Protein chains: 2
Amino acid sequence: MAAIAEWPQSDAGADRLPLYRRIADELRRDIAEGRLAPGASLPTEHELIRRFGVSRGTVRQARAALRAEGTVGGSQGRVFSVKGAPITQPLGELISFTSWASGLGRQPGARVIDFGPEPISADAADALDLPSSARCWRLERIRTLDTLPVMIERTVFPDEIGTMLQGADLSIRSVYAELEARGIVVATARHRISAVAADATDAGLLDIPRGSPLLRVERRGLDRDHQPIEWSIDTYRGDRADFEIENSAAAPTLARRLDEGGA
Amino acid sequence: MAAIAEWPQSDAGADRLPLYRRIADELRRDIAEGRLAPGASLPTEHELIRRFGVSRGTVRQARAALRAEGTVGGSQGRVFSVKGAPITQPLGELISFTSWASGLGRQPGARVIDFGPEPISADAADALDLPSSARCWRLERIRTLDTLPVMIERTVFPDEIGTMLQGADLSIRSVYAELEARGIVVATARHRISAVAADATDAGLLDIPRGSPLLRVERRGLDRDHQPIEWSIDTYRGDRADFEIENSAAAPTLARRLDEGGA
DNA sequence: GTAGCATTCTTGTATAGACAAGTTGCGCGA
DNA sequence: TCGCGCAACTTGTCTATACAAGAATGCTAC
């Protein structure tokens, strides 16, 4: 049973980890990197025992760790299967369209429709916690995946943030990457998700019929001091994207809202 | 080692539970009922071995279960200690339509369209992690606020959960309240939110034109052991409700998904 | 063809023993 | 008295084995 010695020696520090951790890590990597898709079967205990040259208890310990995370599931008699990739990215990554696209292996794109300073709207002043006399910057872009239009992004930045973005090539680099390079980090974000019908403008921009269902995501991004960084309304094609949320009892973050207008 | 025979025989059904579960349950009770206060030390492995007359592995399994819940913590060399009372109230409140409506000061209502046992669909078997031969219970309801239809709820329960709901008045009391009264608690939930157009059926049920935008929320509710409790697809009138999510960097739980079908 | 049974596979539960690693506390020596 | 080190204790890691229970599969009998 000399299988351990034949493991990839790449990560230098890894050889001090217990065996079951290394097995769990390898399986977790397989899941995160897509070699084991959700719904797929994990190797059976016997296979893992042979592959890693360890005892059954060790294999079971490894899989128990993954199960405790909710990453995989199984029950007596049935092969373990992948339930879903663990969500562990930093918040900026989660919000950024660019990071999202890259993670999917798609080519993110952006077509800037409008970018410049302008007087602030009442809604924006409210959302960004600014006086109605303040100046702000407005950015409107079409976001694409492999050239397919997926989302319309309409963002308002406070003046000092917008100024930072001046001169940046907003059709390529992520706004978040740009801001992070200047020490601005999104620490908290509030989202409000709703469904709307496409009006004539959005239908044209997204190349869909009028009235098609759209996923509208309103976002307020705040820094560590709860200072508003951006207020954005992203409008996704309903047939191209949806959102996934995990709530644990420890971090209850999803709430329903009633739109009073419709009564 | 005849300690098992001397256990309290009170709960009649408990004797079919595995040993480690019974030990974990007893410790959990000790914590919940204050006999073991936060900060206090748990019995050592040796004490538990003697007290229950089991082997070390079994005791370790019991404590591993508590640790996975975050109820207790320990590390090598140090005695296990209580970290906090196990959570028994939480996430259900956020998810429950009834709680939501009450919080808004509205009168929640439900009209049961269908409730009963039936063979499981492939999707449901997948979501609930059940064999395709399993039986399940399907519940379909129209949810109302002050008699206005707001949402269609289509839920599938595993057999043992559905059986519990038999006889309950599902047009009044919250399903979650009903389950909680029986010791079933939603500890984790995964939501997937998307926008769809109303088909003829849903348009009729919600009293809106065909093609109207709807907010579709697919939810998998899991208990502390990540065992699926329910799989539900809730369809909201787009003009009556939206969702709010707060993300902090500490608890990043929102992810975007790409719907591959639309390319 | 199909229902039902039996086999086989996979996971769950439990025990026992061995060694490693970290913590705590006691006692001894300076 | 103070500090160091050893010893005892506690948990972590790992192996090996045995039997039970649920699931999937294939085969047989009808």
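Proteins come first, then strands; the chains are lettered A, B, ... in the order of their sequence lines, and each starts at number 1. As the structure is a computational prediction, the values presented were derived from the model and not from experiment.
The interatomic distance linking B:Arg60 (CZ) with C:dG17 (C1') rounds to 14 Å, in whole Å. Rounded to whole angstrom, the span from the CZ atom of A:Phe52 across to the C1' atom of D:dT13 amounts to 17 Å. Straight-line distance from the CD atom of A:Gln61 to the C1' atom of D:dC14: 8 Å, rounded to whole Å.
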Once base and sugar-phosphate atoms are separated, protein heavy atoms under 4.0 Å mark nucleotides 3-9 of chain D, 5' to 3', with B, S and - as -------
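Each of B:Leu42, B:Thr71, B:Val72 was evaluated against B:Arg63; a single residue qualifies, B:Leu42, per the side chain to side chain contact (heavy atoms under 4.5 Å, CB included) test.
Residue B:Arg63 places at least one side-chain N or O under 4.0 Å from the OP1 or OP2 atom of D:dT11. A close approach under 4.0 Å does not occur between any side-chain nitrogen or oxygen of B:Arg22 and OP1 or OP2 of C:dA14. OP1 and OP2 of D:dT17 both lie 4.0 Å or more from every side-chain N or O belonging to A:Arg56. Taking only side-chain nitrogens and oxygens, B:Ser75 never comes nearer than 4.0 Å to OP1 or OP2 of C:dT23. One finds a side-chain N or O of A:Tyr20 lying less than 4.0 angstrom from the OP1 or OP2 phosphate oxygen of D:dT13.
When distances are taken from the side chain of B:Pro18 to each of D:dC14, C:dT11, C:dT13, the shortest belongs to C:dT13.
Residue A:Ser55 is the one, among A:Arg78 and A:Ser55, whose nearest nucleotide of DNA chain D lies closer to the 5' end (criterion: closest heavy atom). Residues B:His46 and A:Gly57 both approach DNA chain D. Their nearest nucleotides, taken by heavy-atom distance, put B:His46 toward the 5′ side.
Annotation: the terminal axes of the helix from C:dG1-D:dC30 to C:dA30-D:dT1 meet at 0°, where each axis is the rotation carrying the C1' atoms of four end pairs onto the next four (5 pairs per end, rounded to 10°).
If you take OG on B:Ser194 and CD on B:Glu218, they are separated by 8.0 Å, rounding to the nearest 0.5 Å. To the nearest 0.5 angstrom, B:Ile113 atom CD1 is 3.5 Å from B:Ile142 atom CD1. To the nearest 0.5 Å, the span separating CD1 on B:Ile23 from CZ on B:Arg28 amounts to 12.0 Å. Atoms OG and CG, on B:Ser81 and B:Leu36 in that order, are 10.5 Å from each other to the nearest 0.5 Å.
The pair B:Arg182-B:Glu178 meets the salt-bridge criterion, with a side-chain N (NZ, NE, NH1 or NH2) lying under 4.0 Å from an Asp/Glu carboxylate O.
Ring centroid separation for the pair A:Phe243 and B:Phe243 does not come in under the 6.0 Å cut-off.
In this structure B:Arg220 satisfies the salt bridge (Lys or Arg N to Asp or Glu O under 4.0 Å) test with no other residue, sequence neighbours excluded.
Within the 4.0 angstrom heavy-atom criterion, only backbone atoms of the sugar-phosphate kind lie near B:Arg67; the bases stay farther away.
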Going through the distances and angles, do B:Leu165 and B:Leu179 end up as a side-chain contact (heavy atoms from CB on, under 4.5 Å)? CA-CA 8 Å; B:Leu165 296 173; B:Leu179 290 177; 4.0 Å; yes
